[in-house]
Protein chains: 2
Amino acid sequence: MTPAGRQPRADPPHARSRSGRRPGEGDTRKAILAAATGCFAELGYDRATIRVIAAEAAVDPALIIHYFGSKEALFRAALELPLKPPSILQQALAADADPECVGKTVVRSFLEAWDPPEPRRHLLVMLRSAMTNEAAMGMVRDLLANDIFGPVTEILGVPDGSFRANLLGTQFLGLAVMRYISGLEPLASASIDDLVAAIGPTVQRYLTGDLTR
Amino acid sequence: MTPAGRQPRADPPHARSRSGRRPGEGDTRKAILAAATGCFAELGYDRATIRVIAAEAAVDPALIIHYFGSKEALFRAALELPLKPPSILQQALAADADPECVGKTVVRSFLEAWDPPEPRRHLLVMLRSAMTNEAAMGMVRDLLANDIFGPVTEILGVPDGSFRANLLGTQFLGLAVMRYISGLEPLASASIDDLVAAIGPTVQRYLTGDLTR
């Protein structure tokens, strides 16, 4: 692990962190995680090495291992969504007195949460890394199963809940990729209101409708 | 361009093709295209070099340039879907006397076309390459706009046809990624009949329904 091709640092951040003149541990961890998220999103799992992430965060590579343990663990942390779909669903269910309107509320909440630029980087982390590295694909699959589809199934609390959760996944994943990654028009610039009207009934049906006919 | 790390060929295919003892031009072109599709699907755009593809097809790299002109042109050819969504839609519309049942017919045709292993490789070509190379992303975007959403919009022949075509895209893209790439259950193993019943009405609505409420 020679730092070939990189400029030597006069004042290694690792040393600074020991001196107590750096911001608190929480800030350093956050800075590393933000840098990692950006690198995984731009470069994918393989090319976002610990060294590249450390340079981006302006910290010593050893500090990343100190805080996260391994690249795998750092990647899992970067996959953690700031606004989790199960929470979005649960809040929509709690907010809506009428269970027949919850589909539109969920679509609106999803778009309001994901339209800002920051959250969509997590989508890029997920897709770019899963498409380029088998281990990353496995971790993304685990995340989807354990952190999204499992909790959504539990929230739905019906016998075919896992099938319904998967159907919701097809609609929201396709919407996210089309709107945030492919950037194809007119969908990428469609207003939230138009999308709520168009997609709300689909989501409503996957949540509570009869799926057998 | 030294063939370092590769075994020397006693009988270069390029020479064989001139001798007339190789299969016809069409077969060679097909073999190159099949190898390219496999390499782009497995490796993504950057790592699937002309040299790697040539080795996979057991032809001389120069022969690939002879047939396709450039790596970009070869990639565009590999993106060509064996069963194009506009054709699937048009056939479903022609086959169905009742326009209110066409959603289910489209979902069934889509799944019957895409469930076999060969077509889904094209999905991997598209996703893996678009997620790892900007130029490939541009070509995938062109293909989606010109070969899928444009023709589907024309087939629909209504003022909001391009928005409807995009909505169909969100549902089918999400379905394809969830079923063929993430492999998450129960969706990956769901029967075609169950998916037709569950997703058919969504597709019907995006095709002909009122999207404003």
Side-chain angles (χ1 to χ4, degrees), chain A residues 41 43-44 46-47 104 124 126-132 137 140-142 144-145 148-149 153 160-179 181-188 190 193-203 205-206 209-213, chain B residues 41 43-44 46-47 104 124 126-132 137 140-142 144-145 148-149 153 160-179 181-188 190 193-203 205-206 209-213:
Chain A
L43 305 172
D46 289 331
R47 288 166 61 208
K104 288 188 179 181
L124 271 178
M126 213 178 269
L127 283 172
R128 188 157 280 151
S129 296
M131 292 316 296
T132 50
M137 171 67 102
V140 169
R141 207 176 266 138
D142 286 353
L144 293 175
I148 298 184
F149 293 112
T153 301
D160 60 350
S162 61
F163 186 49
R164 289 180 188 274
N166 278 189
L167 289 171
L168 292 167
T170 67
Q171 179 60 86
F172 281 112
L173 180 65
L175 173 61
V177 172
M178 285 276 299
R179 185 167 171 91
I181 294 182
S182 87
L184 278 166
E185 299 295 355
L187 196 98
D193 282 348
D194 284 350
L195 291 173
V196 165
I199 298 174
T202 299
V203 170
R205 192 160 170 284
Y206 293 162
D210 180 354
L211 301 179
T212 63
R213 61 191 169 87
Chain B
L43 305 172
D46 290 330
R47 287 166 61 210
K104 289 189 179 181
L124 272 177
M126 214 178 270
L127 283 172
R128 189 158 279 150
S129 296
M131 292 316 296
T132 50
M137 171 67 103
V140 168
R141 207 175 267 138
D142 285 354
L144 293 175
I148 299 184
F149 294 112
T153 301
D160 60 350
S162 61
F163 186 50
R164 289 180 188 274
N166 278 188
L167 290 171
L168 292 167
T170 67
Q171 179 59 86
F172 281 112
L173 180 65
L175 173 60
V177 172
M178 285 277 298
R179 185 167 171 92
I181 293 182
S182 87
L184 279 165
E185 299 294 356
L187 196 98
D193 282 348
D194 285 350
L195 291 173
V196 165
I199 298 174
T202 299
V203 170
R205 192 161 170 283
Y206 294 163
D210 181 354
L211 301 179
T212 63
R213 61 193 169 85

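Heavy-atom basis, side chains included; hydrogens, waters and symmetry copies ignored. So you know, we letter chains A, B, ... as the sequences are listed, proteins then strands, and number each from 1.
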Name the member of Asn166(A), Thr212(A), Asp210(A), Leu173(A) that forms the most heavy-atom pairs with chain B at distances under 4.5 Å. Asn166(A)
Is the shortest side-chain heavy-atom distance between Met131(B) and Leu124(A) below 4.5 Å? yes
Interchain contact, Ala165(A) with chain B, by part (heavy-atom threshold 4.5 Å): neither
Given a strict heavy-atom distance threshold of 4.5 Å, which part of Ile181(A) is in contact with chain B: side chain, backbone, both, or neither? both
Check whether Phe149(A) gets within reach of chain B through its side chain, its backbone, both or neither, counting any heavy atom under 4.5 Å. side chain
Would a 4.5 Å heavy-atom cut-off, applied to side chains only, mark Phe172(A) and Thr170(B) as touching? no
If every non-hydrogen atom of Leu187(B) is compared with every non-hydrogen atom of Arg179(B), which pair is closest and at what distance? O-NH1, 3.0 Å
Heavy-atom distances under 4.5 Å only: say whether Arg205(B) touches chain A with side chain, backbone, both or neither. side chain
Closest approach of Ala198(B) to Leu167(A) (non-hydrogen atoms, all atoms of both residues): CB-CD1, 3.7 Å
Is the backbone N or O of Ser182(B) less than 3.5 Å from a side-chain atom of Arg141(A), with the two atoms forming a donor-acceptor pair by type? yes
Assess the residue pair Tyr206(A) and Thr202(B) against the criterion (side-chain contact (heavy atoms from CB on, under 4.5 Å)); give the C-alpha distance rounded to whole Å, side-chain angles, the decisive distance to 0.1 Å, and a yes or no. CA-CA 9 Å; Tyr206(A) 293 162; Thr202(B) 299; 2.7 Å; yes
In terms of heavy-atom pairs under 4.5 Å, which option from Glu185(B), Arg164(B), Arg47(B) contacts chain A the most? Glu185(B)
Quick one: which of Pro201(B), Gly200(B), Ala188(B) has the most heavy-atom pairs under 4.5 Å with chain A, could you say? Pro201(B)
Using non-hydrogen atoms only, which part of Ile199(B) is less than 4.5 Å away from chain A: side chain, backbone, both, or neither? both
